[in-house]
J.: 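My questions will all concern the structure given below.
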Amino acid sequence: MPATANKALGRFITFEGGEGAGKSTQVKRLVAALQAGGLETVATREPGGSPNAEALRKALLAGLVAPLGPAAEALVFSAARIDHLDNLIRPALDRGAFVVCDRFADSTRAYQGASGKLSDTFIDGLEKVTVGETRPDLTFMLDLPAEEGLARAGKRRGAGKVDRFEAEDLSFHQALRQSFLDIAKAHPERCVVIDATRPVDAVAADIWRVVESRLFGAKKPAPRRPKKPTAKETT
Ligand code: TYD
């Protein structure tokens, strides 16, 4: 695993939530806002984000791993995450870029955890070995009732095929929503719940306010840069 000591240079922001919460729209809006501020910003997604992980994404969303059960599914999502971290996320953070990712490890906890068949010990251990020190600095939980999210996802899909997770029943999606809210409650220093039932502009404005206050403080947007070594440090 590559060194992660420089991770503090960049900022890692993730978006989480159930189906149809509007994550990809908000990722685009935030990336555009950060880039407009002159910050190098990488937009990415999970499962996927690197060529090997995109190959695993195809298998996961086609439901090819589902028959192996939730533990195996969690392992394959994590395998994709390891490749994504090694080949895209850590290199970007290490050069001081912002990384904005549509889903990350909280999705494994919520989705695979929603089966009710995985212990917290299993999920905690898997997350630890997969993610290591590369935890998000900030996570937006886009929250809306499961029925509303599924209706939006259905509209977006049109006549297309329902994927592996959209096909789960309403109680699964309700458990999923609760799970994301529980994660946010357990990690208030990292997570912010956003009411995603509102119009896109209102949601984007809330997100930007949080980014400004949590990552930039009162100052103008500027990532933490590596401290120039003093003469003493270089000798
Ligand atoms: P995607 O089409 O990207 O859906 P969405 O727009 O809702 O993000 O498909 C990703 C699906 O994979 C989504 O249903 C959530 C699921 N998923 C997991 O079950 N576990 C995970 O760890 C991740 C990252 C995603």
Side-chain angles (χ1 to χ4, degrees), residues 12-30 43-50 52-85 88-89 99-118 122-131 134-136 139-158 160-170 172-177 179-180 183 194 196 200 203:
F12 185 20
I13 304 173
T14 58
F15 280 77
E16 300 280 6
E19 308 294 315
K23 290 180 289 78
S24 45
T25 304
Q26 294 300 333
V27 166
K28 278 194 205 123
R29 294 284 292 255
L30 177 57
T44 188
R45 68 166 180 189
E46 288 208 349
S50 59
N52 292 326
E54 289 289 331
L56 292 175
R57 173 188 175 92
K58 282 204 183 83
L60 285 160
L61 297 194
L64 297 182
V65 188
L68 282 68
E73 239 181 359
L75 289 171
V76 178
F77 275 109
S78 300
R81 183 160 303 129
I82 286 171
D83 192 73
H84 187 206
L85 279 161
L88 188 135
I89 296 175
V99 175
V100 182
C101 191
D102 188 339
R103 297 197 182 282
F104 192 62
D106 294 329
S107 278
T108 302
R109 186 176 293 276
Y111 275 78
Q112 281 61 61
S115 68
K117 293 185 184 140
L118 301 181
F122 176 88
I123 296 180
D124 290 346
L126 185 58
E127 189 174 307
K128 206 166 169 197
V129 295
T130 305
V131 170
T134 317
R135 297 186 184 274
T139 296
F140 290 105
M141 301 288 187
L142 299 195
D143 180 59
L144 80 176
E147 296 90 331
E148 204 174 325
L150 287 171
R152 282 195 196 173
K155 232 183 197 169
R156 182 183 60 191
R157 178 177 26 57
K161 213 171 145 256
V162 177
D163 78 22
R164 152 83 184 89
F165 294 98
E166 250 183 275
E168 293 280 354
D169 64 17
L170 183 60
F172 173 91
H173 291 281
Q174 284 165 337
L176 199 58
R177 179 189 192 194
S179 178
F180 281 124
I183 293 169
I194 301 281
V200 169
V203 173

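Remember, predicted model here, so these are calculated numbers, not experimental data. Counting convention: from 1, in listed order, for ligands and their atoms alike.
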J.: With side chains defined as the heavy atoms from C-beta onward, is the minimum distance between Glu16 and Ile183 less than 4.5 Å?
T.: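 A side-chain contact under 4.5 Å is absent here.
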J.: Give the residue and atom name of whichever protein heavy atom lies nearest to atom 3 (O) of ligand 1, and the separation in Å to one decimal.
T.: Arg57 NH2, 3.0 Å
J.: Which residue supplies the protein heavy atom nearest to atom 25 (C) of ligand 1, what is that atom called, and how far is it?
T.: Phe77 CE2, 3.5 Å
J.: Any atoms of ligand 1 less than 4.0 Å from a non-hydrogen atom of Glu19? List them with their elements.
T.: 7 (O), 13 (C), 14 (O)
J.: Do the ring centers of Phe12 and Phe104 come within less than 6.0 Å of each other?
T.: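 Yes, close enough.
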J.: Show me which atoms of ligand 1 lie under 4.0 Å from any heavy atom of Glu46.
T.: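 So the answer, numbered in order with elements, is 24 (C).
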J.: So is Pro47 in contact with ligand 1, going by heavy-atom distances below 4.0 Å?
T.: yes
J.: Taking distance alone, with N or O pairs closer than 3.5 Å, would you say Thr108 contacts ligand 1?
T.: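 It does: an N or O of Thr108 is found under 3.5 Å from an N or O of ligand 1.
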J.: Of all the non-hydrogen atoms in the protein, which one sits nearest to atom 19 (O) of ligand 1, and at what distance?
T.: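 Its nearest protein heavy-atom neighbour is Gln112 NE2, 2.9 Å.
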J.: Just wondering, do Leu176 and Phe165 contact through their side chains at under 4.5 Å, heavy atoms?
T.: no
J.: Would you mind telling me which of Asp102, Ile194, Leu142 makes a side chain to side chain contact (heavy atoms under 4.5 Å, CB included) with Gln26?
T.: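 Checked Asp102, Ile194, Leu142 against Gln26; only one passes side chain to side chain contact (heavy atoms under 4.5 Å, CB included): Leu142.
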J.: Among protein heavy atoms, which sits nearest to atom 8 (O) of ligand 1, and what does the distance come to when rounded to 0.1 Å?
T.: Arg103 NE, 2.7 Å
J.: Do the side chains of Leu60 and Arg164 get nearer than 4.5 Å, heavy atoms only?
T.: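 A side-chain contact is absent here, since even the closest heavy-atom pair is not under 4.5 Å.
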J.: Looking at Glu127 and Arg135, is there a salt bridge between them, counting it only when a charged N and a carboxylate O are closer than 4.0 Å?
T.: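 Answer for the salt bridge query: yes.
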J.: Short question: side chain of Glu54, backbone of Gly49 - any donor-acceptor pair under 3.5 Å?
T.: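 Answer holds: yes.
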J.: Looking only at heavy atoms of Arg81, does any of them come nearer than 4.0 Å to an atom of ligand 1?
T.: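 For ligand 1, residue contact (heavy atoms, under 4.0 Å) with Arg81 is present.
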J.: Might you point out which heavy atoms bring Lys23 and Phe15 nearest each other, and give the distance in Å?
T.: CD-O, 3.7 Å
J.: Looking only at protein heavy atoms, identify the closest one to atom 6 (O) of ligand 1 and say how far it is in Å.
T.: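 Answer for atom 6 (O) of ligand 1: Lys23 NZ, 3.9 Å.
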J.: Among protein heavy atoms, which sits nearest to atom 11 (C) of ligand 1, and what does the distance come to when rounded to 0.1 Å?
T.: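 Checking every protein heavy atom, the shortest distance to atom 11 (C) of ligand 1 gives Leu61 CD2, 3.6 Å.
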